[in-house]
Structures are given as structure tokens and as C-alpha cells.
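A, B, ... follow the sequence lines: proteins, then strands. Residue 1 opens every chain.
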Amino acid sequence: MKAFKLSIAFLLALAAATLLFFSFQAKDSLPQLLERMDPHQAALQDAQMQKARDRVLDSFAEGNRERTLRNLDRYTGGFSDSLVMDSRTGFELFFYENGPSLSALGMFLLVAATALTGLVFSRQGKWRRAALPVVLIAALYAGVYILENMVGGSSMLMTVLKKGAIYALVAVSMNLLNGFTGLFSLGQAGFMLIGAYIFAIFTIPVESRPQVYQYYAGGLIQFEMPTLVAMVLAGLGAAFFAWLIGLPVLRLKSDYLAIATLGFAEIIRAVFQYDGLGPITNGSNLLRRFPTFQTALFPFAVAGVSIALIALLIHSTYGRSFKAIRDDEVAAEAMGINLYRHKQMAFVISSFFAGIGGALLAMYQTTVQAAAFTSAMTYEILLIVVIGGMGSLSGSVMASFLFVAASEWWLRFLDNETMMGSFRVPLLRSGFRMVAFSVVIMVVVLFYRQGIMGDRELSIARLTRWLGRRGKGGRDG
Amino acid sequence: MAERVLELQHVTMQFGGVVAVDNLSMHIDQGEIVALIGPNGAGKTTAFNCITGVYVPTAGQVRYQGQVIVSAQPQGKMKALYAGSYKDFPSQRVTSTPDAITKLGVARTFQNIRLFKTQTAFENVLIATHLHRSSNLFTAALRLNHREEKQLREHALKMLEAVGLMDEKDELATSLPYGKQRRLEIARALATNPKLLLLDEPAAGMNPQETDALGQFIQEVRERFDLTIFLIEHHMDLVMDISERIYVIDFGRQIATGLPQEIQDNPDVVTAYLGVEEE
């Protein structure tokens with residue numbers, strides 16, 4: 001059995017190495033490939049063909065992969081008669097065209113092979129349990145990357161996935177506070193706004209600032225930071241404001257936090273649009289030209305790492321204290337848990353990740369404007385948390401993808417006036433989507449208070465049990 | 001003389017016009033089991049809450065191992081409203097939050113059981129071990145404290161084992177039968193490594209056999225963990241059985257103190273419990 005597993009792992013690694021090697025090699029070898037496709041120099045005789053070929057090489061030299069692929073397609077499609085397409089050329093062409101997807105697949109296979117080898121050699125239960133989740137996570141990331149290369153980065157599917165990942169992070173950060181510590185905060189949009197602005201302000205390239213801050217003489221800040229540094233700073237900025245709010249409010253026993261944070265979110269939105277702060281915030285004008293996503297992997301990676309950190313925190317001794325406070329404040333305090341300190345901690349951490357979520361949202365939207373961070377955004381996130389289940393991280397993640405897909409994609413038709421023949425479907429008009437969501441939240445709160453997951457977490461054991469039960473139920477019925 | 005673990009001096013707690021605890025002075029020595037008894041509404045739990053920092057008393061002092069943990073005099077509106085019999089207030093003002101008092105080594109249970117409802121028995125106890133942690137937020141979240149974490153888990157298991165709940169450790173705390181919930185509360189309090197354990201009506205709702213077992217259990221726990229125990233109780237059998245000294249309060253005032261047999265024969269106590277016979 002051991003030898004069998006090892007040989008499987010070896011084969012996987014071999015396949016991975018092959019994929020990685022060829023896709024890596026194909027990346028730079030397009031000019032040679034074109035030479036080989038045209039051994040008789042047919043292009044020299046045909047001006048049009050020459051032009052098409054030059055276009056391919058030009059866009060390749062520019063490094064614009066998307067355009068190169070388009071031109072290459074036109075070239076090979078239009079002049080297929082004059083081009084020699086033997087199996088080796090076809091093979092290399094395939095690897096050039098699908099390079100990113102194939103290398104993602106290669107990376108995934110490599111992870112799988114490593115996990116399998118680890119499984120064979122490790123005796124500790126801890127590592128054995130980690131193997132399957134690691135492979136699944138690698139599959140998820142490889143899948144997202146391959147999907148992006150197949151359907152294109154600007155397709156509706158990728159839009160939903162990117163926004164879903166960002167909302168997942170923000171929903172999880174809100175769940176840390178509302179679901180795990182039992183503090184009710186309504187300031188998520190405010191903290192996201194701070195994060196988005198800090199990120200945008202510090203990453204707009206210096207040479208673009210005169211255009212962005214055209215009404216404020218190029219703005220006050222004349223330097224820029226790397227994306228990741230600005231992102232951490234965005235989180236820290238949001239966390240700082242949370243700390244300030246928490247200083248007085250979290251010492252009180254009752255639910256003043258909701259009121260204070262709601263007020264804060266409204267005030268901060270007005271403050272950032274204030275003309276006097278224009279040299280920094282650009283007043284009520286857009287901030288733009290800061291770095292945006294190159295690939296959907298970026299929001300997935302940042303959200304994934306952040307959610308993993310929150311999950312680790314929740315399962316640590318501090319997370320246990322948070323849950324104790326949620327369950328019974330009096331008993332928690334009698335067990336020596338300092339209520340103020342732990343509430344402040346949960347609030348600051350939640351806001352830190354909301355700030356990072358805000359920075360991601362800025363990158364996703366490519367522009368930032370304070371007016372967009374309304375309390376409606378907070379309610380959207382609250383809706384996600386409630387639907388997913390208060391106290392379930394995986395519930396929040398699932399619900400945010402569902403919510404974003406529904407609101408951006410599946411339920412779009414509710415906002416459009418629709419004619420069936422000459423019959424105008426009633427109620428369908430702009431804004432009706434939000435009515436549908438209101439009904440959903442009412443139904444959830446009234447009949448399905450636990451949400452999708454309640455306070456349980458998705459796990460492989462639970463999933464297989466559930467699938468097993470379904471399968472058995474199916475046979476019985 | 002044995003070491004004074006807890007000392008109350010003139011503790012007075014007034015809510016509006018009601019003096020719930022009036023000029024209560026008492027002391028508990030190392031290793032003792034002391035009971036505070038009195039009819040319903042006599043102010044027993046209020047006295048407990050003054051010791052554990054849930055309430056700041058209107059006036060009086062509480063010392064724990066000689067250290068003043070609470071010291072108060074009427075403030076604000078209370079200055080005019082004050083109706084307690086004790087007038088010679090301490091000059092300093094010291095207040096402690098419940099968590100600070102627990103950190104010093106005073107643990108308690110609650111009259112109406114207050115377990116962490118969504119947690120298992122083991123997790124309930126594990127939460128209470130957090131006082132022994134030295135990890136900070138980052139080392140805890142990044143699992144750099146796994147050795148300490150292991151110790152905490154072992155400690156929690158030891159406490160569960162001490163109260164005989166090992167078989168129920170993975171059950172939801174609220175799904176346990178009543179008597180076991182009481183034991184779990186004691187295990188949770190023990191997990192904070194207390195020197196003084198305050199039990200608020202530990203036998204409430206128990207039948208005579210269970211009460212008997214509880215009495216033995218309390219004595220065992222005291223031996224094993226070298227504790228001093230202060231309990232509020234209604235069950236006279238239990239109180240007379242295990243306590244070494246008894247304080248009796250009625251309407252917030254201390255009406256008697258002494259050894260169990262002295263209390264049993266004290267006419268004031270009998271009156272307080274049974275009422276005055278009309279002639």
C-alpha cells in the first residue's frame with residue numbers, strides 16, 4: 001500500500017514537473033515557434049500574412065498576453081494553409097496558449113504529490129488530517145486561476161468570484177464580532193471606507209497624482225507605497241479608529257456599540273467628502289489610478305490568508321474567551337476574563353480585517369468614492385452573516401458568494417422591466433431586487449434563524465456524513 | 001492564629017432606599033469551610049457579589065489575604081440617602097473588577113447556574129484556564145504556544161476528572177443533568193486555580209442523597225486543592241454537616257455567628273427562620 005501510494009505520488013510529481021517545464025519553456029519561445037510554423041518563409045511572399053505575423057510578434061514584445069493570443073489566433077486561423085502544423089509545433093502552441101492554466105494545474109499536482117508523500121511518511125495525526133484540506137485548498141486556487149484564464153477576467157463569473165471573496169472577508173470579520181463575541185456593531189462600511197481610502201491615497205502613483213487631485217493641486221501626499229504595505233496600513237488605520245470608538249463605548253454594559261458604530265460610519269463618510277480635507281481625500285471626487293487586481297488570485301489569496309488568521313484566532317485561547325463573553329458576560333468575568341480588554345481586542349481585530357476588505361474593494365472597483373460606503377453596505381454584510389449563520393465562518397463565506405452571485409447576477413432580471421409578448425410582467429423594475437432581499441432576510445429571521453450553518457463549521461467529515469446520508473436516503477426513497 | 005484569607009469589615013450595600021447588606025463584618029481563615037445562611041432575601045448573594053466585585057458596596061472594606069480589594073464610602077446621591085448602621089467610613093476608595101478579583105485567587109459559582117451554553121463541558125473548563133496563559137494574541141493565533149495550550153488542556157482535564165465528569169466531557173454543558181451542571185460549575189471555578197472558593201447555593205434543587213454526596217465532594221475538593229471554602233446554603237443538613245463556622249444574616253444584618261451546634265440552638269436564628277410565635 002505504501003509503495004502504491006508512493007508511486008502514485010511520484011507519477012503526480014512527474015506530471016507536475018512536465019507541465020511546469022513545458023509551460024514555462026513555451027512562455028518565451030513564441031518567436032522560435034513562429035519560425036518553425038513557417039519553414040518556407042511563406043510570410044515573406046504574402047504581405048498580409050507578414051503583417052499578421054508582425055502583429056503577433058509586436059504584441060508579444062509588448063508583453064500583452066491577451067492581445068498576443070488574439071493575434072496568434074487570427075494568424076494561425078487565417079493562414080492555416082501556408083503554415084506547417086506538425087505534432088511538435090501543435091504541442092508547443094497548445095502549451096503557449098494554455099500556459100497559465102497548465103502551470104496552475106502543475107502546481108496543484110505538485111501540492112497533491114507532496115501531500116501524498118507526507119501522508120505516507122508522517123506518523124503524526126496532525127499532518128495526516130491536514131493533507132486533504134491542503135489539497136482541496138490548492139485545488140480551489142488552481143481552479144480559480146484556470147477558470148479565469150478560460151472565461152476571461154472581466155466575465156460575470158469572475159466578477160462575482162472576486163467580489164464574493166472580498167465580501168467573504170468582510171463578513172467573516174463582522175462575524176468575529178457579532179457572532180463570536182456577541183457585540184453588535186454596525187460600522188463595517190465605515191471601517192471599509194477608511195481602509196479603501198488609506199489604500200488608495202498611499203498607492204496612487206506619484207506621476208498620476210496631478211490628474212487625480214486636479215482640484216487640489218496634486219494633493220498633499222507625494223509618495224507611494226507598495227500594494228501590500230498600503231494594505232496592512234489600511235487595516236491598521238481602520239483598527240485605530242475602532243480602538244478610539246471602543247475606548248468609551250466598550251466600557252458600557254449594554255448595546256451602545258451598535259449606535260456608536262452606526263453614527264461613526266455616517267460621520268466618517270461625511271468627513272471624507274469634506275472639501276477642507278481635499279488635498280488628502282480628494283473631497284467628494286473619485287480616487288483612481290491606484291493598482292488594481294492583475295488576477296482574481298490576489299483577492300482570493302488576501303481574503304484566504306485573512307480568514308485563516310481569524311479562524312486560528314477563534315480556535316485559540318483568546319477565541320475561547322470571546323465565545324465565553326458571548327455566552328455569558330457575568331460568568332466570563334467571574335472566570336477572570338477582562339471584558340473590556342477582550343471586547344476591545346475583538347473589535348479592533350474585526351475592524352483591521354474590515355479595513356483590509358475595504359482596500360480590496362477599492363482595488364476591485366478601481367475607483368474609490370466615500371459616498372459609496374453607505375450603511376446599506378453594512379446591512380448587506382449583516383445579511384450575509386445572518387444567512388450564513390452567526391458564529392460560523394464557513395457559513396459566512398458560503399453566504400457571501402451566494403449573496404454576491406444573487407445580487408450581481410442571478411437576480412438582475414428582477415430589476416429589468418420584462419415583456420412576455422405584449423404582457424408586461426408586474427413589479428419588475430429597478431430596485432425590485434432589494435425588495436426580494438428584504439423578503440429573504442425576513443424569511444430567514446422568522447423561520448430559519450440559524451442560517452445555513454448555524455454555529456457549526458463546514459468540515460470534510462461533516463460533508464462526507466451529509467453526502468452519505470443523502471445517498472442512503474436516495475436509495476431508501 | 002491561622003492566616004486570614006478573607007475579611008469583611010462593615011460591608012454595607014444599599015440599593016435606593018433598601019439596605020440589602022447592613023454592616024456585615026466577618027472573616028474566614030485558611031482551610032476553613034464557612035457558611036453564610038439566612039432566610040430568603042436576607043442579602044446573602046448580595047454579600048457574595050460585593051466580595052467578587054460584581055457590586056461595589058456602598059460602604060465598608062473587603063480584604064483578601066490582608067490586601068484591601070474593596071474599600072468604599074457612600075458617593076453622590078447615596079451620601080444623603082445612606083441608611084446603614086455603620087457610619088465611620090474608610091477614607092480610601094478601592095474597587096476591583098470581578099476578573100481582577102478572580103486573578104487574585106477567588107473563584108465562585110452561581111446560584112442560577114451560569115455555564116457557557118454553546119460550549120461542551122470540557123470547553124467550559126478550558127475557558128477558565130486562560131488565567132494561566134502567557135501567550136499573547138499573536139503567539140496564540142499562530143499556534144506558537146502549543147506547549148502551553150497542551151498544558152491548559154491537561155489542566156482542564158484534571159479538573160473534570162476531579163469532579164468526576166470525564167465521561168461527559170464532550171457533551172454540551174446545558175445538556176447535562178442538573179447535579180452535573182453544578183459539579184461542572186465547580187470544576188470551572190477550580191480551573192482558575194483559586195485559594196478561596198465561593199459557592200452560591202451549591203445544593204439548590206438537589207435531593208437529600210445528592211446533597212449528601214455534594215457535602216462529601218466539597219470536603220474532598222478542599223483537601224485535594226488546599227482550598228478555603230465559603231458557601232451560601234439553604235439546606236441546613238449540608239451546612240451543619242460540613243461547615244466549621246456559620247454566619248447568619250437576616251434583613252442584611254448579622255444576627256448570629258458560631259459553631260454549627262451553637263447556631264442550631266440560637267433563639268434569634270430560630271426566630272428568623274420560623275418566625276415569632278404569637279402569644
Side-chain angles (χ1 to χ4, degrees), chain A residues 124 126 130 176 179-182 239 250-251 253 305-350 352-353 389-392 450 453-457, chain B residues 48-49 52-54 97-110 112-119 122-146 148-149 151-153 156 173-174 185 188-194 198 200:
Chain A
Q124 260 183 303
K126 213 162 46 180
L176 170 68
F180 286 96
T181 320
L250 291 176
R251 287 183 198 276
K253 284 268 174 197
V305 168
S306 304
I307 291 172
L309 283 176
I310 294 176
L312 282 171
L313 176 71
I314 282 172
H315 291 106
S316 76
T317 153
Y318 286 86
R320 289 198 294 269
S321 301
F322 295 161
K323 285 185 261 184
I325 292 172
R326 171 192 68 186
D327 284 356
D328 195 324
E329 275 194 15
V330 175
E333 208 174 14
M335 292 307 117
I337 293 170
N338 186 327
L339 292 184
Y340 168 71
R341 212 167 76 89
H342 283 86
K343 285 178 178 179
Q344 182 72 288
M345 207 183 272
F347 186 42
V348 165
I349 293 168
S350 163
F352 175 82
F353 286 111
M390 297 274 246
S392 169
Q450 294 277 297
M453 295 298 291
D455 59 0
R456 299 176 304 262
E457 292 294 347
Chain B
F48 249 40
N49 284 340
T52 52
V54 176
T97 49
D99 59 284
I101 291 175
T102 308
K103 264 176 209 143
L104 290 175
V106 182
R108 71 172 293 184
T109 66
F110 294 89
N112 44 345
I113 298 173
R114 282 180 173 274
L115 290 166
F116 302 120
K117 295 180 194 68
T118 63
Q119 315 283 314
F122 174 64
E123 285 165 337
N124 261 278
V125 181
L126 190 57
I127 284 167
T129 63
H130 82 109
L131 280 179
H132 319 306
R133 76 184 170 204
S134 60
S135 54
N136 62 35
L137 199 57
F138 296 99
T139 54
L142 299 176
R143 299 290 183 275
L144 302 174
N145 63 338
H146 57 272
E148 180 184 86
E149 181 79 14
Q151 281 166 3
L152 295 185
R153 279 168 193 277
T174 42
E185 258 209 326
R188 192 178 64 173
L190 289 176
T192 63
N193 274 5
L198 307 182
D200 196 347

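For B:Phe110 against A:Ala334, the heavy-atom pair with the smallest separation is CZ-CB, 3.5 Å. Taking all atoms of both residues into account, the shortest heavy-atom contact from A:Gly336 to B:Lys103 is O-CE, 3.8 Å. The minimum heavy-atom distance linking B:Arg133 with A:Thr317 is given by the pair NH1-OG1, 2.9 Å.
Looking at B:Arg188, the atoms closer than 4.5 Å to chain A (heavy atoms on both sides) sit in the backbone and in the side chain alike. Interface remark: A:Ile349 contributes side-chain atoms only to the contact with chain B (heavy atom separation under 4.5 Å). Both the backbone and the side chain of B:Ala140 have a heavy atom closer than 4.5 Å to some heavy atom of chain A. With a threshold of 4.5 angstrom between heavy atoms, B:Asn145 approaches chain A through side-chain atoms but not through N, CA, C or O. With a 4.5 Å cut-off on non-hydrogen atoms, B:Thr109 does not touch chain A at all. Contacts of A:Ala332 with chain B are made by both backbone and side-chain atoms, with heavy-atom separations under 4.5 Å. Both the backbone and the side chain of B:Leu126 come within contact range of chain A, with heavy atoms under 4.5 Å apart.
Separation of atoms CE (A:Met335) and CZ (B:Arg108) is listed at 8.5 Å; rounding is to 0.5 Å. A distance of 13.0 Å separates OH of A:Tyr340 from CG of B:Asp99, quoted to the nearest 0.5 Å. The distance from atom NZ of B:Lys117 to atom CZ of A:Arg326, rounded to the nearest 0.5 Å, is 10.5 Å. Taken from OG in A:Ser316 to CG in B:Leu137, the straight-line distance is 7.0 Å, to the nearest 0.5 Å. In this structure, A:Ile325 CD1 and B:Phe116 CZ are separated by 9.0 Å, a value rounded to the nearest 0.5 Å. The CG atom of A:Asp328 sits 11.5 Å away from the CD atom of B:Gln119 when rounded to the nearest 0.5 Å.
Applying the side-chain contact (heavy atoms from CB on, under 4.5 Å) test between A:Asp327 and each of B:Thr118, B:Leu115, B:Ile127 identifies B:Thr118 as the sole match.
Remark: A:Arg341 CZ is loosely packed, at most 12 non-hydrogen atoms of other residues, nucleotides or ligands lying under 6.0 Å away.
Most heavy-atom pairs under 4.5 Å with chain B, from the set A:Val330, A:Ile310, A:Leu309, A:Leu339: that is A:Val330.
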Legend entry - CA sep, side-chain torsions, deciding dist, call: B:Glu149, A:Arg320, salt bridge (charged side-chain N to carboxylate O under 4.0 Å, His left out): CA-CA 12 Å; B:Glu149 181 79 14; A:Arg320 289 198 294 269; 2.8 Å; yes
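A:Asn338 meets the side-chain hydrogen bond (donor to acceptor under 3.5 Å, both in side chains) test with no other residue; sequence neighbours excluded.
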